[in-house]
**Student:** 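Sharing a structure with you now.
Proteins come first, then strands; the chains are lettered A, B, ... in the order of their sequence lines, and each starts at number 1. None of these values were measured; they are calculated from a predicted model. The figures that follow rest on heavy atoms only: side chains count, while hydrogens, waters and symmetry mates do not.
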2 protein chains.
Amino acid sequence: MADNAEDIVTERKRGSGVKHVYEMLRDEILTLALPPGRPIDEVNLAERFGMSRTPIREALVRLAGEGLVETLPNRSAIVANIDFMKLHTFFDAITLMYRVTTRLAAECHRPEDLEIIKGHQERYVAAVAARDPLAMIAINRDFHAAIAEAGRNPYYTALTLRLLDEGRRILRLYYQSFDDRLPKEYSDEHAGIIAAIAARDVELSDRLAREHADQIVRQIQQFFSRDTRHEVPL
Amino acid sequence: MADNAEDIVTERKRGSGVKHVYEMLRDEILTLALPPGRPIDEVNLAERFGMSRTPIREALVRLAGEGLVETLPNRSAIVANIDFMKLHTFFDAITLMYRVTTRLAAECHRPEDLEIIKGHQERYVAAVAARDPLAMIAINRDFHAAIAEAGRNPYYTALTLRLLDEGRRILRLYYQSFDDRLPKEYSDEHAGIIAAIAARDVELSDRLAREHADQIVRQIQQFFSRDTRHEVPL
DNA sequence: GGGTGATTTCTTGTCGACAATTAAAATGCA
DNA sequence: TGCATTTTAATTGTCGACAAGAAATCACCC
């Protein structure tokens, strides 16, 4: 096991341990550093993070609550699998949430929200220029998360965040295999969405969000249904 | 503290402890037996359930993940408050989820789903006849949960369940104060929704679900905005 | 040699105890 | 008496250890 990076531990504050483990594991799951199905050993993690099993377990319970790890009774927890059979439900849900949150953002946003959203967009453009797919994926999530926040409906925000996280894992598969082709068109679409929100044009925001979602869904579906057979002369 | 019901403990199976505590606390929170804001003492619960603090804590972490308890660092966890300022976001979200899940149920349901839904409807009618508001609230939740299940989108189902649970608490306030008036009209609306789903009429299902949601929202809003001042001759 | 049952090992679920932190009580002072 | 400060008490966060259960290994029998 060479991937157990040594996390140096230096006098953590009381209560910050779980948070640290939680965020660390979460990030490794979402970037596929921990692939779906990988067993998660508690003592292993405890040694790695230099703490007891108790806070590790708490972090795992929280991750399980978000559907990022699956726990079998008396057996090792595993990184949640990606159910390709139910991918269509994901597409369905994220399309709806893109639309709803973007509509609400157009209605409810305040100037400071717009600044935050624009900030993410700038970082996104930079990531595209740097050809950094991991950064692009993470920032794409932050971009839509900021829009959801601007909509100010915590229920929508929570579901959107969950979908965006799941989306990070799926997009990671996508970019890995398409050898990190860089979709500049996304940043153009993002710009359009920002403009629509700023103009408080609800219907336009809805339409652009829907088209943006359709675009992503179409590309991923195309990727998953592509024919990878090699031609063999017989 | 007289509300510490003695939960007799008899040799529980390994791993069933957390589940038991979780379901128990959850039910007490949703029925307002534990009112919003009430502090939750871990040792107290540990004594009450006859187990150590560890499984209690795990149950609390799970409940916190669902937003049913709030945890302050180094301080007692409390039963999650109901934020009346954000009630409109709840109405917004549950209306959308009623519509979406009922639409999907009309599309995707199988015969056995319909049987389950009808079963809940029968139980609901019985609860209305028995004038049992707590049962009505719980079954109303099961009814819509079953519809969401029939729609077969786990993301929608999860959000709907969360909203229905939050709804149980809000409805409980409503029924308590209106001295348990019994809305038979709900059961009629439920019957209409069942028929629309059975007929696989997506648009009708959508419309009925929306009207059903509007109806509930209107009644609750009316309740919360009613004028409770007493006339005082001066 | 293969399959079945016992044994060992390994991992999780739970426990009791201690330390850190906060809230409350008690003390001192103006 | 009222307020600030110290002391005490109470509660959480973390730890190490043990027991129950499952997987893997080994022995045994056909």
**Student:** Going by the side-chain contact (heavy atoms from CB on, under 4.5 Å) test, name the single residue among B:I29, B:I78, B:L25 that passes it with B:V69.
**Tutor:** B:I29

**Student:** Taking atom types as modelled and ignoring hydrogens, do the side chains of A:E149 and A:Y156 form a donor-acceptor contact shorter than 3.5 angstrom?
**Tutor:** no

**Student:** Figure out the CG/P separation between A:L45 and C:dT11, and round it to whole Å.
**Tutor:** 12 Å

**Student:** Could you pull out all residues at least two apart from A:D92 that satisfy salt bridge (Lys or Arg N to Asp or Glu O under 4.0 Å)?
**Tutor:** none

**Student:** Which residue, B:E42 or A:R53, contacts DNA chain D at a nucleotide closer to its 5' end, judged by nearest heavy atom?
**Tutor:** B:E42

**Student:** For DNA chain D, determine which residues of residues 67-75 of chain B have any heavy atom closer than 4.0 angstrom to one of its atoms, and list them numerically.
**Tutor:** B:N74, B:R75

**Student:** Is any side-chain heavy atom of B:M136 closer than 4.5 Å to one of B:R131?
**Tutor:** no

**Student:** What is the separation between atom CG on A:D41 and atom P on C:dG13, rounded to the nearest whole Å?
**Tutor:** 12 Å

**Student:** Extract, from 5' to 3' on DNA chain D, the first and final nucleotides lying under 4.0 angstrom from some heavy atom of chain B.
**Tutor:** D:dT11 to D:dG21

**Student:** Look at the side chain of B:H109 and the backbone N and O of B:I197, then say whether any donor-acceptor pair between them is shorter than 3.5 Å.
**Tutor:** yes

**Student:** Under a 3.5 Å distance rule, please check whether A:H120 uses its side chain to pair with a backbone N or O of A:I139 as donor and acceptor.
**Tutor:** no

**Student:** Just by modelled atom types, is the A:A150 backbone N or O under 3.5 Å from a matching donor or acceptor in the A:R152 side chain?
**Tutor:** yes

**Student:** Under 4.0 Å, counting only non-hydrogen atoms across every strand here, what does A:I40 touch: a base, just sugar-phosphate, or nothing?
**Tutor:** sugar-phosphate

**Student:** C:dG13, OP1 or OP2 - any side-chain N/O from B:T54 closer than 4.0 Å?
**Tutor:** no

**Student:** Donor-acceptor check, side chain of B:N153 to backbone of A:T89, threshold 3.5 angstrom: yes or no?
**Tutor:** yes

